[in-house]
Structures are given as structure tokens and as C-alpha cells.
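Quick note on labels: first sequence line is chain A, next is B, and so on, each numbered from 1.
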2 protein chains.
Amino acid sequence: MTPALKDLYVQKDKMYVATDCIIFGFDAGKLKLLAFKRRVEPFLGTWSLIGSFVRMEEDVSVAAKRVLTEITGLDNVFMEQLKAYGLADRDPGYRCVSIAQFALIRIDDYDKELTEKHGAHWFDLEELPELVLDHSQMVEDAMARLKRKARYQPIGFELLPEKFTIPQLQSLYEAIYQKKLDDRNFRKKLMTLGLLIKLNEKDKSSSRRGAFLYKFDYDNYQKLVKSGYNFEIA
Amino acid sequence: MTPALKDLYVQKDKMYVATDCIIFGFDAGKLKLLAFKRRVEPFLGTWSLIGSFVRMEEDVSVAAKRVLTEITGLDNVFMEQLKAYGLADRDPGYRCVSIAQFALIRIDDYDKELTEKHGAHWFDLEELPELVLDHSQMVEDAMARLKRKARYQPIGFELLPEKFTIPQLQSLYEAIYQKKLDDRNFRKKLMTLGLLIKLNEKDKSSSRRGAFLYKFDYDNYQKLVKSGYNFEIA
DNA sequence: CAGCCAACTGTATAAAATACACTTATGACG
DNA sequence: CGTCATAAGTGTATTTTATACAGTTGGCTG
């Protein structure tokens with residue numbers, strides 16, 4: 001967790017609860033993580049996840065959303081609890097249990113100014129710097145969760161703009177699974193799921209011919225989930 | 001969480017961290033949950049999971065193991081964090097975030113006297129009473145996790161005695177998945193995984209003919225995991 | 001109008017999941 | 001001592017799903 005210590009009296013004999021956000025994005029074929037350069041002691045200048053103490057009257061999940069909104073200006077973001085980190089000595093300054101949450105955001109959406117103001121930076125997941133405390137562990141665990149979860153829940157769509165192309169989606173899944181997928185098989189599988197709505201528009205940013213845009217069919221997804229359907233995406 | 005309140009001064013303006021244990025067992029073809037009758041106010045007489053406050057100098061996972069050992073007398077039990085429960089009003093008495101852990105134990109192992117002394121009772125999962133606070137939710141979430149996890153990790157073995165028969169194992173998986181499995185296909189699949197060691201003993205408790213006993217091949221399992229093998233059990 | 005590039009499409013093969021029915025070992029009981 | 005009852009154990013055919021693989025199309029560029 002990364003509280004602004006100047007605002008707080010930390011008491012050594014008190015138990016604190018914090019929440020830290022692992023914020024994933026996707027851009028240019030790469031999975032990205034939003035990290036922050038600490039501007040206060042201790043650990044000034046080191047990279048860290050963004051976090052906050054949980055307030056006395058505040059739900060843990062609300063605290064996480066508050067942090068995310070403060071930083072990105074975004075609301076209605078996919079967010080899910082990862083797990084709690086509770087080693088007694090995880091933070092040398094005081095006793096603090098941190099509940100890590102991971103969020104998937106659409107990079108094109110977020111407010112650039114806002115993040116820069118907070119000293120934030122998008123890192124390629126393969127080029128992450130060392131993070132403070134146990135934050136590197138958190139990211140590793142979140143990545144494992146993302147990989148597993150992507151198999152059976154269409155969370156990938158949270159990382160793309162509302163309208164996206166099949167090649168974009170494939171590139172995202174390739175980044176998550178860290179391996180190349182066969183384009184014919186990927187498309188075939190996807191189409192049989194019935195989760196996409198084909199639009200009458202093309203995206204021409206990456207080819208002369210252009211690729212059709214699709215959007216995610218939330219309604220049908222909900223219906224399928226209710227009827228107990230079992231997904232397997234790519 | 002279920003602290004012995006008489007031992008504590010609870011301060012309304014303090015944040016507490018607790019841990020609650022969802023303890024699963026398996027007996028007579030049914031999945032079981034270990035629940036406790038509260039002997040102190042508030043909620044005296046209602047059923048509850050067992051739990052404890054996390055001590056200032058204690059890891060969260062250590063606190064959970066401490067509770068489990070106090071109650072069952074068992075050590076070296078499969079235990080894994082489920083998630084943190086952090087609603088601000090989840091406990092009306094004071095602000096407390098609880099980190100739920102689920103444990104799988106071998107019912108024949110545990111110390112009966114010890115559990116009875118604590119007012120414990122094994123419930124069939126289908127006949128659970130209402131539990132205090134958000135504990136019913138915890139059990140539901142743990143059950144969902146168990147179902148999913150059982151597919152790709154051989155955790156089922158944690159619930160059986162060291163030596164077990166194939167029909168016993170099948171009955172366990174039927175209880176977890178809540179559906180009948182085909183005995184021929186179950187056996188076939190299992191054998192291809194190479195996770196079982198056949199013993200030269202039979203269990204005759206449930207048939208005249210007797211069924212061969214097996215034990216779990218931990219060594220080979222470790223090897224397979226390291227080599228990146230992907231399981232799918234039943 | 002030729003060339004280039006990514007988008008798009010179909011089929012054959014292999015692997016895995018499912019469905020399904022009879023034989024065997026053994027103790028109980030007449 | 002033979003037959004009956006019971007759960008343990010076994011094999012094959014079919015369907016479904018995953019994988020492997022190569023050529024055509026649309027549309028801009030020069």
C-alpha cells in the first residue's frame with residue numbers, strides 16, 4: 001500500500017488494513033501495468049502499486065474503487081479482489097494487511113493528465129521494474145489469475161475499446177497466454193460462442209483492407225451464464 | 001469471525017483483522033462442513049465458522065493454522081486463502097475485515113473429543129443451518145472455489161484417507177461436482193494421469209469382492225507440475 | 001493496373017469426451 | 001457345496017472438440 005504518510009499518524013501498535021490496485025491495460029499488442037513512483041518517504045523514488053488505507057466506515061471494495069477513480073478518473077471499471085497479503089513483516093513501518101484488487105481498464109479511456117500528475121507510468125509486463133514491498137508478488141499472482149480466468153470468463157473484452165476487431169482480440173489473448181494462436185482456429189472458436197456482434201464498420205488503422213469491428217454481446221453473455229453454459233475462450 | 005469476546009476489549013474505533021476457517025470433510029459419500037455453536041454473546045447459540053483475531057505479530061496464514069490446530073489437533077492440513085470479506089457493516093459489533101481460509105481435512109484423522117469440546121458439528125453441505133454474519137456467503141464462495149479447483153488440481157485426495165479406493169474417489173468427485181460420473185470413464189481418465197499407486201491391499205468395507213486400495217503419487221505429481229503438465233480430473 | 005498487405009475462409013486429421021453392457025470375485029445363505 | 005446377490009472391474013464405438021495447415025479477397029499505393 002502506498003498511503004500519503006504525511007497525512008497520517010501511523011501507530012506502531014495498531015493494525016491497519018489497506019488495499020492495493022493491480023491495474024492492467026493493453027496497448028500495441030502488449031499487456032501493461034500501471035505503476036507509480038513514490039513521492040514520499042519511506043521508499044521515495046521506488047515504483048509501487050497505487051493503494052490506500054481502508055477507512056473506518058468504508059467497504060474494502062469501495063476503498064479500491066475510490067483509489068482507482070482518484071487516479072484514472074474512471075468509473076465502472078472491471079475490478080475483482082485478488083487476495084489478502086498478511087505477512088506480519090510485509091511492511092517494515094507498521095502492521096498492515098493489504099487486500100489486493102486487480103482492475104482491467106481500457107487504456108484509450110483513461111485520463112492521461114490525471115495519471116501523469118500522480119507520477120504514473122504504463123510498463124510492459126515483461127519490463128517491469130522491481131516494485132516496493134510485496135507488490136511484485138501481487139502482480140505475479142494477478143497475472144496468474146488473469147491467465148486462468150481468461151479461459152473461462154470473457155474478461156479480455158474489458159481491456160479493449162468498446163469496438164474492436166478480431167485480430168485485436170487475438171493479439172490480446174496472445175499477450176495473456178504468452179503464445180501465438182492460430183488465426184483460423186481462434187476465429188472459428190470465437191464465432192461458435194455467440195458473444196460477438198458484428199458491426200457495419202471497419203477499422204483501417206492496421207491494414208488497407210480494414211477489419212470489421214465487433215462489440216461484445218453482454219445480453220447474450222448474461223443469458224448463457226444463467227443457463228449454465230460453460231465457456232472456453234481460445 | 002468468532003473471537004472469545006470475554007478475552008478482549010473491543011474498541012469501536014479500531015480496525016480489526018480476523019480469519020475464519022471453512023473446514024471441509026468427506027464422509028459416507030457426502031461433503032461436510034465443520035461448524036460451531038457460539039457460546040458467547042453476541043449471537044450466542046447460533047452456528048458459526050471458527051475464527052480468531054489475527055494477532056499483532058502474527059501472519060494471517062499462521063493465525064488460520066493456529067485456529068485449525070487448536071480445534072482439530074491436526075497439523076499439516078491443506079489450507080488456502082479464499083478471500084477477504086471487507087464490508088464495513090459485516091459485523092455490527094465493531095469494524096473487522098475477515099480473511100477466510102478454506103481447509104480440507106480427513107475426517108477419520110481429526111480428534112473427536114477436541115472438536116466436541118468446542119461445540120463443533122459436521123453438517124452435510126445440503127443441510128447447513130444459517131450461519132452467523134456473512135459466514136454462509138463464505139461457505140458458498142468456498143464451495144464454488146472447491147468445485148473449480150478440483151478440475152485442475154488434485155485436491156480431492158486431501159479429503160480422503162491416505163489409502164483409498166477408486167469408487168471412494170469417484171464418490172468424492174460426484175459430491176464435489178454434484179453429479180453422477182460414469183465409472184468406466186472416470187477410471188480410464190484417472191489411470192492415464194499417472195497420479196495413483198496401486199497397493200496390494202483391498203478394502204472390503206463396502207463389497208464382498210473388495211476394491212483395491214491406492215495412494216496418491218505425490219512425487220510424480222510434483223514432477224508433472226514442474227514439467228508444466230496440465231491436469232483435468234474427472 | 002500491378003503489387004503489397006493484412007483480413008478472411010475451409011477442410012482434413014488427431015485427440016478427447018461420452019455413451020453404453022457385460023464379466024468377475026467373493027461372502028452369505030439355504 | 002452350490003447358487004445368489006453385490007459392487008468391482010473391463011473395452012469399444014461414436015461424437016465432439018482441438019489442431020494443423022494454405023490459398024483467396026479487398027483495397028490502398030505508387
Side-chain angles (χ1 to χ4, degrees), chain A residues 28-29 150-152 154 160-161 163-215 224 228-234, chain B residues 28-29 147-148 150-152 154 160-161 163-215 224 228-234:
Chain A
R151 297 207 158 271
Y152 61 88
L160 291 176
K163 302 171 180 183
F164 52 86
T165 69
I166 306 284
Q168 271 167 27
L169 187 60
Q170 178 173 345
S171 144
L172 169 58
Y173 274 91
E174 287 176 341
I176 292 175
Y177 296 146
Q178 292 166 307
K179 69 172 183 187
K180 283 267 161 226
L181 301 172
D182 181 279
D183 56 343
R184 287 157 291 188
N185 295 337
F186 182 79
R187 202 177 276 265
K188 199 194 308 173
K189 180 83 184 267
L190 211 59
M191 290 313 174
T192 62
L193 293 176
L195 295 179
L196 296 185
I197 297 167
K198 188 175 185 172
L199 304 175
N200 265 329
E201 303 170 64
K202 284 191 166 187
D203 170 78
K204 301 215 170 187
S205 61
S206 73
S207 79
R208 307 199 200 294
R209 181 180 178 179
F212 276 103
L213 287 163
Y214 290 79
K215 56 181 193 178
L224 289 171
Y229 191 74
N230 236 340
F231 295 96
E232 275 270 332
I233 296 164
Chain B
K147 259 190 193 175
R148 179 162 295 285
R151 299 209 157 270
Y152 62 88
L160 292 175
K163 301 172 180 184
F164 52 86
T165 69
I166 307 285
Q168 273 168 27
L169 187 61
Q170 179 173 343
S171 144
L172 169 58
Y173 274 92
E174 287 176 343
I176 293 176
Y177 295 147
Q178 291 165 310
K179 70 172 180 186
K180 282 269 161 227
L181 300 172
D182 181 279
D183 56 343
R184 288 158 288 190
N185 295 336
F186 182 78
R187 202 177 275 264
K188 200 192 311 172
K189 181 85 183 265
L190 212 58
M191 291 310 175
T192 62
L193 293 177
L195 295 179
L196 297 184
I197 297 168
K198 189 175 185 172
L199 304 176
N200 264 330
E201 303 170 64
K202 283 191 167 189
D203 171 77
K204 300 218 169 186
S205 60
S206 71
S207 79
R208 309 199 201 293
R209 182 181 177 177
F212 276 104
L213 287 163
Y214 291 79
K215 57 180 194 180
L224 290 171
Y229 191 74
N230 235 341
F231 295 96
E232 275 271 331
I233 296 163

Is there a side-chain contact between [X] and [Y] (heavy atoms, below 4.5 Å)?
{"X": "B:I166", "Y": "B:M191", "answer": "yes"}
{"X": "A:R209", "Y": "A:K202", "answer": "yes"}
{"X": "A:D203", "Y": "A:Y214", "answer": "no"}

- prompt: Should we say atom NZ of B:K215 is surrounded by more than 12 heavy atoms from elsewhere, each under 6.0 Å from it?
  reply: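 No, the 6.0 Å shell around NZ holds no more than 12 heavy atoms from other groups.
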Is it true that, when you exclude B:K163 itself, more than 12 heavy atoms of the residues, nucleotides or ligands shown sit nearer than 6.0 Å to its NZ?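 For B:K163, atom NZ is not crowded (no more than 12 foreign heavy atoms under 6.0 Å).
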| query | B:K147 side chain to B:Q178 main-chain N or O, any donor-acceptor pair under 3.5 Å? | reply |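 Side chain of B:K147 to backbone of B:Q178: no pair is present.
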- Item | Rounded distance (Å) that lies between atom C1' of C:dC8 and atom CG of A:L213 |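 It is 15 Å, rounded to the nearest whole Å.
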Rounded to whole Å, CD of B:E232 lies from P of C:dA17 at a distance of 7 Å
CG (B:L172) and CG (B:L181) are apart, to the nearest 0.5 Å, by 10.5 Å
(message) Any N or O donor-acceptor pair under 3.5 Å from the base of D:dA8 to the side chain of B:R209?
(response) yes
Note to self: Check this for me: does the side-chain of A:R184 come within 3.5 Å of the base of D:dA20 through a donor and an acceptor?
What the structure shows: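 Counting by modelled atom types and ignoring angles, no donor-acceptor contact under 3.5 Å is found here.
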Going by ring pair (Phe, Tyr, Trp, His ring centres under 6.0 Å), name the residues that satisfy it together with A:F186, two or more places apart in sequence or in a different chain.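 Scan of A:F186 (ring pair (Phe, Tyr, Trp, His ring centres under 6.0 Å), adjacent residues dropped) gives none.
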Quick check: on DNA chain D, is the nucleotide nearest A:R208 upstream (toward 5') of the one nearest B:Y214, or the reverse? Name the residue that is more 5'.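 First, find each residue's nearest nucleotide; the 5'-ward one identifies B:Y214.
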So, with a heavy-atom separation below 4.0 Å from DNA chain C, the residues of residues 185-205 of chain B are B:N185, B:K188, B:K189, B:K204
Here the residues of residues 168-183 of chain B within 4.0 Å heavy-atom distance, strictly under, of DNA chain C are B:D182
Notebook entry, point to check: Does the side chain of A:S206 get closer than 4.0 angstrom to OP1 or OP2 of C:dA7 through an N or O atom?
Noted result: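 Yes.
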If you look at every strand shown and take non-hydrogen atoms under 4.0 Å, does B:T165 touch a base, only sugar-phosphate, or nothing?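 B:T165: no heavy atom of the nucleic acid under 4.0 Å.
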